[in-house]
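Predicted, not measured: the structure shown is a model, and the values here were computed from it. Residues: numbered from 1 along the sequence shown.
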Amino acid sequence: MWRRLVRPRALLLVLFVLCLAVGGGATAALIRADYSDTRTAAEALTRHQARLLEQYFGRTLDAADQVVRRVIDQSMMQANRPLEISADQLDALRRTIAEAPHLDNLYLVDAKGRVVLDIQEGTKTGNSLATEEWVRAVLAGGGDALYLGAAARESTSGHVVFPVARAFRDRAGRVLGAVAAIVDVATFAALTDDGDLGPQPDLAVYRQDGVRLAAYPQMEGEGGQNQATRRAFAAPLTQAATGTFVVPGREGEGGRIVSYRSMPARNLVVCASLDVDEAMIPWRHRSVATLLTAALVLGLLITLVEVLAREIRRDRAASAALQAANRDLSRSNADLEQFAYVASHDLKEPLRNIASYVQLLQRRYHGRLDEDADTFIGYTVDGVRRMQVIINELLVYSRIGTGPLTRGTVQTGVLVSTALANLKSVIAEAGAAIEIKGPLPMVVGDAGQLGSVFQNLISNGLKYRRDEIRPELTIAAQDRGTQWQFSITDNGIGIDGQYHKQIFELFKRLHARDRYAGTGIGLAVCQRVIERHGGEIWVDSTPGQGACFCFTLPKG
């Protein structure tokens, strides 16, 4: 008798532990996958910023050197004669400085390091700069190479600047002085000011010998600091001209992600770095939300287990006869079977039950309570439905990231035809015109997952349409060597450039739910599917002029 009383409870405990393990594993897998994606995105951001810094710094040096050469070419400095620059030439140089946001000033110094011309002041000041590092290096140097000095704070303007200087020689080759264009480090801010509220990489420029020339944001006392003796800086530079590595942090810190690019022609290295702890803040926020959702589901599951266990104990205690006991046992087994199905296959059922009872309250007591009660009940029903959708899509998103790919030869034209058939009613309702340019190629991949990408992107093109014009979509593919590039172009409302990356984030929405339905997970699913297939996805769009979603897939 005792064994028969214990077994149902033991089975409930086993099922509960099993569901807890499955749910916990799914949640942990989702968090781990999100961590990996966030870390990868942080590394990609530093590589992107390093590439931008390389291009920007190269253009800045070219522009500054051009100004220096113009001063040298236009001046008539000879031995034992003062500098002669006409008023027109001086005005032209002033305009050049004013029109170039990266230039702060321009100096001419004689062979003893005394200032003979300050473009900003427009006078011969006579101040001595002989102790400045760039003045000593240029005047003492034997060649005509461009010299880049370390960053320092300008005493007059207060800006952090670094000099781009050349020696000034007479026709006999004797050094008569130096010319330096002064570059404002604050202009580096243009590379990080992209409207993103997330962490932005720090930027720095080094000489190949490890001396730091400039950094943004500028840290006091670091201009000219030599990093060559630090293994974290020097070791990766010997391996490749470009790369990404992690500098370990102190105890309790995550360290820094560093991406660098060499500029051999200028003997320079540019770096973009990001604090790991700051980069992972969005992941932590999403993880908290995921854990709260999992805790809510677990709480509902525990409630169901407790209710079911209580009912089993009550029914079995009230059974006195063998026939009644058998009937109770059959019913208990049926309940356990149903519970196993609910716990293993449909985590949304508890929420549906809650919604049903709230809707019953709404129908039975509508108008009998006050207006606020009716409103609150409506909010509860809507919230439960949204949570059902979120849980379902979270599980879909997790399976896409962790489940195996069923690879095979896929005809993308068939996938597009299937997606259009599934969206037939939506297309008819919108009166949309859809054009497929040319035959679509064969690829190797998971047909189910790739089909969901086409259907998501076509559905978005129909959903985000403009009211005043007929929706038009164009689907095309281009041969990119080792890859196929697919594009789905629409003439809808478009997307602001500052959101081109953010729309691929999980649950990222740009519009109110009453205007455009959805949870904001569709593009995140598309990105994960394409990346798992070895491709990439992006969008080109202008507000009010439609959007073009593109993605690549390997040929083999």
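Contact of the Ile530 side chain with the Leu553 side chain is registered, since non-hydrogen atoms from C-beta on lie closer than 4.5 Å. For the pair Phe454 and Ile488, the minimum side-chain heavy-atom distance is below 4.5 Å.
Comment: Arg528 does not engage Asp34 in a salt bridge, judged by the lack of any side-chain N to carboxylate O separation of less than 4.0 angstrom. Here Arg284 pairs with Asp277 in a salt bridge; the nearest charged N to carboxylate O distance falls below 4.0 Å. Comment: Arg256 engages Asp202 in a salt bridge, judged by a side-chain N to carboxylate O separation of less than 4.0 angstrom.
Here the shortest heavy-atom pairing between Trp484 and Met442 reads NE1-O, 3.9 Å. Ala64 and Val183 get closest at one heavy-atom pair: CB-CG2, 4.2 Å. Shortest non-hydrogen contact noted between Ile257 and Ala42 is CD1-CB, 4.0 Å. Summarising the geometry of Ala430 relative to Pro471, their closest heavy-atom pair is O-CD, 3.5 Å, with the distance given to 0.1 Å. Of all heavy-atom pairs between Gly534 and Pro554, the closest is O-CG, 3.8 Å. Taking both residues in full, the closest heavy atoms of Gln449 and Arg532 are given as NE2-NH1, 4.1 Å, listed atom of the first, atom of the second, then distance.
Atoms CD1 and CD1, from Ile427 and Ile434 in turn, are 3.5 Å apart once rounded to the nearest 0.5 Å. From Arg261, atom CZ reaches atom CD of Gln55 across 7.5 Å, with rounding to the nearest 0.5 Å. In this structure, OG1 on Thr244 lies 11.5 Å from CG on Leu274, to the nearest 0.5 angstrom. If you take CZ on Arg32 and CG on Leu30, they are separated by 10.0 Å, rounding to the nearest 0.5 Å.
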Run Leu523 and Leu457 through side chain to side chain contact (heavy atoms under 4.5 Å, CB included) and show every step you take. CA-CA 8 Å; Leu523 289 178; Leu457 297 180; 3.7 Å; yes

Check the pair Ser259, Glu43 against side chain to side chain contact (heavy atoms under 4.5 Å, CB included), reporting the backbone distance first and the verdict last. CA-CA 8 Å; Ser259 290; Glu43 294 176 358; 5.8 Å; no

Test log, rule side chain to side chain contact (heavy atoms under 4.5 Å, CB included), inputs Ile503 and Phe549: CA-CA 12 Å; Ile503 58 174; Phe549 282 87; 3.9 Å; yes

Hey, mind stepping through Asn460 and Asp490 against side chain to side chain contact (heavy atoms under 4.5 Å, CB included) and telling me if it holds? CA-CA 9 Å; Asn460 280 352; Asp490 63 62; over 6 Å; no

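For the ring-ring contact (aromatic ring centres under 6.0 Å, His included) condition, the pairs that include at least one residue of residues 22-55, sequence neighbours left out, are Tyr35-Trp283.
Taking the six-membered ring where the residue is Trp, Phe486 and Phe551 present parallel rings, their angle staying beneath 30° rather than reaching 60°.
In this structure, the side-chain contact (heavy atoms from CB on, under 4.5 Å) partners of Thr552, at least two apart in sequence or on a different chain, are Gln483, Gln485, Glu536, Trp538.
Counting non-hydrogen atoms of other residues, nucleotides and ligands closer than 6.0 Å to CD of Glu435 gives a total above 12. Residue Lys437 qualifies as open at atom NZ: its count of foreign heavy atoms under 6.0 Å is 12 or below.
The closest donor-acceptor contact from the side chain of Asp446 to the backbone of Thr406 lies under 3.5 Å.
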